[in-house]
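So you know, we letter chains A, B, ... as the sequences are listed, proteins then strands, and number each from 1.
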2 protein chains.
Amino acid sequence: MSEITIKYLAEKLNLASSTVSRALNDSHEISDKTKKRVLDLAKSLNFQPNANARSLREQKSKTIGVIVPDRVNNFFNLVIEGLETVCREEGYSLIVYNSYEDVEQEKKIVYSLLGGKVDAIVISLADEEKEVQHLEWLREKNIPVVFFDRVAQNVAGIKYTTNDLESAYHGTKHLLDQGCKKIAFLGLSNTSSVGKARKEGFIKAHNEKGLPYDKTLLIGFGHDDVENQKSLETLFYKISRPDGVLAAAEKLGIATFRALHKLRIKIPYQVKVVSFTNMQFADLLSPSLSTIAQPAFELGSACAKELIKGLKNKDIDLFEDKKIELPSKLTIRESSK
Amino acid sequence: MSEITIKYLAEKLNLASSTVSRALNDSHEISDKTKKRVLDLAKSLNFQPNANARSLREQKSKTIGVIVPDRVNNFFNLVIEGLETVCREEGYSLIVYNSYEDVEQEKKIVYSLLGGKVDAIVISLADEEKEVQHLEWLREKNIPVVFFDRVAQNVAGIKYTTNDLESAYHGTKHLLDQGCKKIAFLGLSNTSSVGKARKEGFIKAHNEKGLPYDKTLLIGFGHDDVENQKSLETLFYKISRPDGVLAAAEKLGIATFRALHKLRIKIPYQVKVVSFTNMQFADLLSPSLSTIAQPAFELGSACAKELIKGLKNKDIDLFEDKKIELPSKLTIRESSK
DNA sequence: AAAAAAATCGGAAACGATTGCACAAGATTG
DNA sequence: CAATCTTGTGCAATCGTTTCCGATTTTTTT
């Protein structure tokens, strides 16, 4: 039992606990001599002030809650990495939760965070339109929320996104330039502004070229990888199969690759593929994969910086609406040539 | 400001705060009628008891600290996923830290966790031999530690590992069976029992076959990806290059692929490759990669189960030495045929 | 040298929840 | 019918920090 507290240090040193506390926090109203005495003893005992007591008293926990729909996804992983890098520097900890693309899970997580466990929340929504009630709770409790990627439409707050429309537009344009006549757009069917924007970019590229697109090839998928791959196999098994694919999600790009490999359809000769993804090994795939990579790490670090700045400065209103858009990067490789 | 507390609820309901507290915790000594009154009001106000106050009083935070050397690595990611799955069920939160393969960072993280922020720590060490002083601190403060993968040799505790010697043995044997005469063993040069065991497995396979191995081909690498790839390129540029590779770390397998691709050396015809890795896309690489995958998710969930069982049951001594070994899985693909 | 200002430190009240103990009323027992 | 037991609730201490107010001593100013 670690019964060693500030009070204990105080008794050992014949000081009041208030003095010890101030010394530990390097207050100016403590003499250098006593400061040294306190610090020395604290160091020698590996003393670390009780985090819960401090949090209770200060009414802040110095930790930030992060909620992502899919932790295994490379994009979210890199975002978290970016968040952590900044948070570490600023002395904040991160508690990461996985909503598994499920709004109900997300609600439960948020509810469990209403009791002061975190000072703020960074979130990418499981579904942007279904419910925002739990986000209202946070506002009531005065817990700031920063959104990224999948942001809430009708809730004010800081929102970091990427230029989904433009990047999808460029990706599609590239496929058209390579001679594709019949491109499939593969998206996730949850209602997300991200998916919509990417679809719009897809359509815009066609319109601009004066080429038609097949509405039946704007396909929405669920979150079951096996099922997704199956429906892709049936899609590509047809003689009138698409000759190009824009995958608006990493898992769909992968599923496309697997399906085409299985059917022995040659990429890029029979089907060209471009996929949104942040995977690290796109250059090592067979064939190497043309990607649209979101600036994930930067997104995370930017979020954290903005948020912590707001937490530190009382004058900044973190509930005010503010939108920042960062550019993704299209990298053309074998799969679309 | 969320001024809504138990005391506030008590006043609203003309009850004592103790009664409200008991009602919220479903104590048997509160009548169903008052329980319902309390729960109803709490629900309608989205009340959630202050986590810091509770933690302070209870002397436990219901959160577990996780320290890994490299968060981006797929293996650690999956372990964390396994940890979280169990922790969520049991009502525990996870705070994940990245030591970036640096013992000093690791020490700092541990030190910052000495103040009751976490009830226990799950760790994979940055370096197993350099220092264990910070692990002693934890014992002094009575904070249980569970090790996984890179475990401490001289500190007692629960340790989860995988069968590194055997799996490296089988991987090497496979390469020898495929006709390799000159296999390089690529390891990380930090002192880890994992690396040593894998190297032993490598050697054992040679000995058993009565084949010699080249000691200069037992190579240790650092953590700089660019540098690693360079030295691999010089290795394979030589005429007398190896005809097989056993990579004992994911990043080294990747670096090998990149180096060989760059030098236009054909896998598997000129060099066969087997790599330890938990990447999801090994089957999609060019060529598909033969892998030894650790049971990462299972490792994480097993750790969490064991730990939480111990935290709940005072009779279990979490500081007692206990070793559990889980089997990895060798999957043979194109790169080694 | 007296007055004012600064430098140090102590006492005690918070922060919000849990819990041992006390106590009242009603139910049960001999 | 008195004595004992249950049941339901309130009081107050406690967890370990931080910080508002003073109080005392030392330094500076006039």
Rounded at 0.5 Å granularity, tell me how far CG in A/L78 sits from CG in A/N73. 9.0 Å

Please state how far atom [atom1] in [X] lies from atom [atom2] in [N], giving the value in whole angstrom units.
X	N	atom1	atom2	answer
B/L15	C/dA17	CG	C1'	16 Å
A/H28	C/dT8	NE2	P	9 Å
B/K117	D/dG16	NZ	P	17 Å
B/N50	C/dA14	CG	P	17 Å
B/K62	C/dA17	NZ	C1'	16 Å
A/L56	C/dA13	CG	C1'	13 Å
A/K33	C/dA7	NZ	C1'	13 Å
A/L13	C/dG10	CG	C1'	15 Å

Quick check on contacts: within residues 35-42 of chain B, what sits under 4.0 Å from DNA chain D by heavy-atom distance? none

I'd like to compare against my own output: the B/S/- annotation of nucleotides 18-25 of chain D with a strict under-4.0 Å heavy-atom distance to protein. BBB-----

Is it true that B/K305 and B/E89 make a salt bridge, defined as a side-chain N closer than 4.0 Å to a carboxylate O? no

Flag the pair A/K36 and A/D40 as a salt bridge only when some basic side-chain nitrogen lies within less than 4.0 angstrom of an acidic carboxylate oxygen. yes

I want to confirm an ordering. Mapping A/I30 and B/N52 to their closest nucleotides on DNA chain C, which one lands closer to the 5' end? A/I30

Is [X] close enough to [N] that one of its side-chain N or O atoms is under 4.0 Å from OP1 or OP2 there?
X	N	answer
A/Q59	D/dT17	no
A/T34	C/dT8	no
B/S31	D/dT9	yes

Please state whether the rings of A/F148 and A/F75 are parallel, tilted or perpendicular, taking 30° and 60° as the class boundaries. tilted

Closest approach of B/I95 to A/S93 (non-hydrogen atoms, all atoms of both residues): CG2-CB, 4.0 Å

Reckon A/N14 touches a base, only the sugar-phosphate, or nothing at all at heavy-atom distances under 4.0 Å? sugar-phosphate

Determine the contact category for A/Y8: base if any of its heavy atoms lies under 4.0 Å from a base atom, sugar-phosphate if only primed atoms, P, OP1 or OP2 are that close, otherwise nothing. nothing

Full working for side chain to side chain contact (heavy atoms under 4.5 Å, CB included) between A/I308 and A/K312: CA-CA 6 Å; A/I308 292 177; A/K312 284 187 171 175; 4.0 Å; yes

Picking from B/T161, B/I158, B/L135, B/V122, what satisfies side chain to side chain contact (heavy atoms under 4.5 Å, CB included) with B/F147? B/L135

B/Q48 side chain reached by A/K141 side chain, heavy atoms, under 4.5 Å: no

